[in-house]
Amino acid sequence: MGGAALILLGIAVGSSRGFPRPVGYLMGLSGAAYLARGWIIGAEGFSGSNTVPTLAGIALILVWTLWLLASSLRLPESRP
């Protein structure tokens, strides 16, 4: 479910104007990595072949989270 949620969030962010489009792509890729992780765990259990999708998902989430942080810090300050 987390992978599907990240894919849908990536589609929403990638199609919006307020966010950089590559962030949406990275969100979708991290969701795909988590879907692959879930598929491998379901098919083989907790095995060594689960390492690559797990690390890829964690790394991609770290990258797009830091990218969103940096882009939000560069936004002009709004006054109420």
Side-chain angles (χ1 to χ4, degrees):
M1 294 308 287
L6 281 171
I7 289 173
L8 291 174
L9 183 64
I11 291 170
V13 167
S15 63
S16 70
R17 293 184 189 180
F19 299 101
R21 184 167 288 198
V23 171
Y25 296 144
L26 290 175
M27 286 180 177
L29 283 174
S30 63
Y34 275 97
L35 281 178
R37 178 181 170 225
W39 186 280
I40 291 170
I41 289 174
E44 300 177 11
F46 292 100
S47 65
S49 59
N50 192 26
T51 304
V52 172
T54 300
L55 292 177
I58 291 170
L60 287 169
I61 285 179
L62 179 67
V63 168
W64 66 257
T65 302
L66 292 175
W67 192 341
L68 280 180
L69 174 68
S71 64
S72 69
L73 290 176
R74 287 185 296 182
L75 290 176
E77 188 174 323
S78 63
R79 299 187 183 225

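Nothing fancy with the numbering, it's 1 onward along the sequence.
Grouping the Ile, Leu, Val, Met, Phe, Trp and Tyr side chains by contacts below 4.5 angstrom, directly or via other members, places Val23 with Ile58.
Once rounded to the nearest 0.5 Å, the distance linking OG of Ser16 with CZ of Arg21 reads 8.5 Å. The CG atom of Leu73 sits 11.0 Å away from the CG atom of Leu68 when rounded to the nearest 0.5 Å. We find the CG-CG distance between Leu26 and Leu66 to be 11.5 Å, quoted to the nearest 0.5 Å. Considering CD1 of Ile61 and CG of Leu29, their distance stands at 11.5 Å, rounded to 0.5 Å. The OH atom of Tyr25 sits 11.0 Å away from atom CD1 of Ile11, with the distance rounded to the nearest 0.5 Å. The OH atom of Tyr34 lies 15.5 Å from the CE atom of Met1; values are rounded to the nearest 0.5 Å.
Val13 and Pro20 make their closest contact through CG1-O, 4.5 Å (heavy atoms, listed as atom of the first residue, atom of the second, distance). Between Gly31 and Leu6 the shortest heavy-atom distance is CA-CB, 3.6 Å. Ser47 and Ser49 get closest at one heavy-atom pair: OG-OG, 3.0 Å.
Residues Leu69 and Thr65 fail the side-chain proximity criterion, which asks for heavy atoms closer than 4.5 Å. Trp67 is listed as a side-chain neighbour of Pro22, based on a closest heavy-atom distance under 4.5 Å.
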